[in-house]
Enquirer: 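First the structure, which I've put down as structure tokens, then a few questions once you've had a look.
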Amino acid sequence: MAELDMKEEVKEETEETAAAPEKQKRSKDDILEIIIAIFLGVTALATAWASWIGSLHGGNMSTNYTRSNNLAADGNARWNEASQSLVQDMQVWNLISDYQVEILYGSDTGDTDKMNESAYKIKFICYDNLTEAMAEKIGYNFEFEAEDIINWVMNEPLATTSPFSDEDYVNSYYDDARAVIAESEAVLAEGQEDNKKGDTFNLVTVIYSVVLFMLGIVGTFRRLPNRVLITVVAIVGFLFATIYMFTIPFPTGFNFLSFFGG
């Protein structure tokens, strides 16, 4: 009888010893499952966030491309307008120059009537067609009378010097157009930068998708070391994607509270 009791005690001790590793293994499995569940949820949220920010960059890209096209069209229109103004002013200058020659010739021949006639013609040509910028360039005053115009032609060196011989003055016609075209190019560069950032967020989303895939297949592995290895690789991928994502600037003008009326 005593021998039978001793055998039963040995059997119970053996069963308890075998149950201890199994309980420990189950405990590790439970911890691993909790970690996987947490990272599945966090990765899903991070994926949604990266997709949202990437779409905002895409929206900014489209907006900037549209603005750039509109500005480029406006700049080209202003360039054409400046060219037309330049041609028109050149024609005005040619008329003024013709009558200046008549004044100078009248001065040499003593024909004062011709000088006064030409001066009046210059006065009315300038009154209707001369721009303030060109008047300043040639030293002309819109208050001039015929006698003043004759003195201007005879004594003012700027009066008989073509303003279009000055390259800077000719270029000034296109300053406004150049400014608009430069703005168009700057906005286009912003759009290209938004496109680049949006593509980068898309890459982060792809990495998060791979992490989700790896976390999803962990359960198919039976051995605990294999499951731990896959989980660790997935977590490393998650951390890499997250750190990389936060090195990318947010979209221009981004304000999270603005989406809630803040």
Side-chain angles (χ1 to χ4, degrees), residues 60-197 252-253:
N60 281 357
M61 177 199 68
S62 299
T63 300
N64 285 330
Y65 280 170
T66 301
R67 283 185 57 211
S68 176
N69 288 335
N70 292 338
L71 286 169
D74 184 27
N76 289 331
R78 294 179 187 227
W79 189 280
N80 293 333
E81 183 180 350
S83 297
Q84 293 174 359
S85 297
L86 178 60
V87 171
Q88 181 179 347
D89 286 349
M90 284 181 171
Q91 292 173 345
V92 171
W93 172 251
N94 289 336
L95 288 174
I96 293 173
S97 297
D98 289 341
Y99 294 122
Q100 286 177 338
V101 171
E102 291 183 359
I103 290 175
L104 294 173
Y105 181 75
S107 175
D108 290 340
T109 60
D111 190 347
T112 56
D113 291 337
K114 188 64 175 179
M115 293 173 66
N116 287 325
E117 179 185 347
S118 299
Y120 272 107
K121 289 180 179 179
I122 290 176
K123 176 180 174 63
F124 289 107
I125 289 172
C126 292
Y127 181 80
D128 291 332
N129 301 286
L130 192 66
T131 62
E132 292 185 2
M134 188 172 171
E136 182 180 355
K137 184 66 179 176
I138 62 177
Y140 182 83
N141 191 323
F142 289 98
E143 301 298 325
F144 279 168
E145 297 296 338
E147 184 179 350
D148 300 319
I149 292 174
I150 293 172
N151 290 331
W152 168 67
V153 173
M154 300 295 298
N155 302 314
E156 174 59 64
L158 292 176
T160 54
T161 301
S162 173
F164 305 104
S165 61
D166 186 348
E167 185 177 353
D168 292 336
Y169 177 74
V170 174
N171 290 334
S172 68
Y173 279 81
Y174 299 95
D175 286 346
D176 188 39
R178 286 194 182 93
V180 175
I181 292 174
E183 184 180 359
S184 169
E185 293 173 349
V187 173
L188 177 62
E190 289 181 15
Q192 292 172 336
E193 188 65 23
D194 284 321
N195 182 41
K196 180 181 177 182
K197 293 174 183 176
T252 303

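We number each residue from 1, following the sequence as shown.
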Enquirer: Rounded to the nearest 0.5 Å, how far apart are CD1 of I96 and CD1 of I149?
Expert: 9.5 Å

Enquirer: Return the minimal non-hydrogen interatomic distance between S68 and L188, and the atom names on each side.
Expert: OG-CB, 3.3 Å

Enquirer: What's the separation between atom CD in E145 and atom CD1 in I150, rounded to the nearest 0.5 Å?
Expert: 11.5 Å

Enquirer: Can you see which heavy atom on P157 is nearest to which on N155, and at what distance?
Expert: CD-O, 3.3 Å

Enquirer: Dump the intermediate steps for side-chain contact (heavy atoms from CB on, under 4.5 Å) on L104 and M154, then the final yes or no.
Expert: CA-CA 7 Å; L104 294 173; M154 300 295 298; 3.6 Å; yes

Enquirer: Any heavy-atom pair between the side chains of R67 and E183 that's under 4.5 Å?
Expert: yes

Enquirer: Mind jotting down which residue pairs meet the salt bridge (charged side-chain N to carboxylate O under 4.0 Å, His left out) criterion with at least one end in residues 76-89? Sequence neighbours excluded, please.
Expert: D74-R78, R78-D176

Enquirer: Any pair with a residue in residues 105-130 that passes ring pair (Phe, Tyr, Trp, His ring centres under 6.0 Å), sequence neighbours left out, goes on the list, sorted by first then second residue, please.
Expert: none

Enquirer: Using atom types as modelled, flag every donor-acceptor pair under 3.5 Å from a side chain in residues 132-141 to any protein atom, sequence neighbours excluded.
Expert:
residue : atom : partner : partner atom : Å
K137    : NZ   : D166    : OD2          : 2.6
N141    : OD1  : E143    : N            : 2.8

Enquirer: Taking all non-hydrogen atoms of both residues into account, name the closest pair between A119 and A146 and its distance.
Expert: CB-O, 3.6 Å

Enquirer: So, S118 side chain and K114 main chain: donor-acceptor pair closer than 3.5 Å or not?
Expert: yes

Enquirer: In Å and rounded to the nearest 0.5 Å, what is the CG to CG distance from N76 to L71?
Expert: 11.0 Å

Enquirer: Measuring only between side-chain heavy atoms, which start at C-beta, is W93 closer than 4.5 Å to Q100?
Expert: yes

Enquirer: Hey, could you give me the CG/CD1 distance between L130 and I122, rounded to the nearest 0.5 Å?
Expert: 11.0 Å

Enquirer: Working to the nearest 0.5 Å, report the span between CE of M61 and CD of E190.
Expert: 13.5 Å

Enquirer: Between the side chain of S83 and the main-chain N/O of W79, is any donor-acceptor distance below 3.5 Å?
Expert: yes

Enquirer: Spell out, as yes or no, whether a donor-acceptor pair under 3.5 Å connects the side chain of K123 to the backbone of F144.
Expert: yes

Enquirer: Between the side chain of S172 and the main-chain N/O of Y169, is any donor-acceptor distance below 3.5 Å?
Expert: yes

Enquirer: After noting the C-alpha distance and the side-chain angles of N171 and R178, does the key distance pass the side-chain contact (heavy atoms from CB on, under 4.5 Å) rule?
Expert: CA-CA 10 Å; N171 290 334; R178 286 194 182 93; 3.8 Å; yes

Enquirer: Heavy-atom count check: over 12 atoms from other residues, nucleotides or ligands less than 6.0 Å from E147 CD?
Expert: no

Enquirer: In the structure I gave you, are the side-chain heavy atoms of T160 and V101 within less than 4.5 Å of one another anywhere?
Expert: no

Enquirer: State the CG-OH distance between N80 and Y174, to the nearest 0.5 angstrom.
Expert: 9.0 Å

Enquirer: Counting distance only, does the side-chain N/O of N195 pair as donor-acceptor with the main-chain N or O of G191 below 3.5 Å?
Expert: no

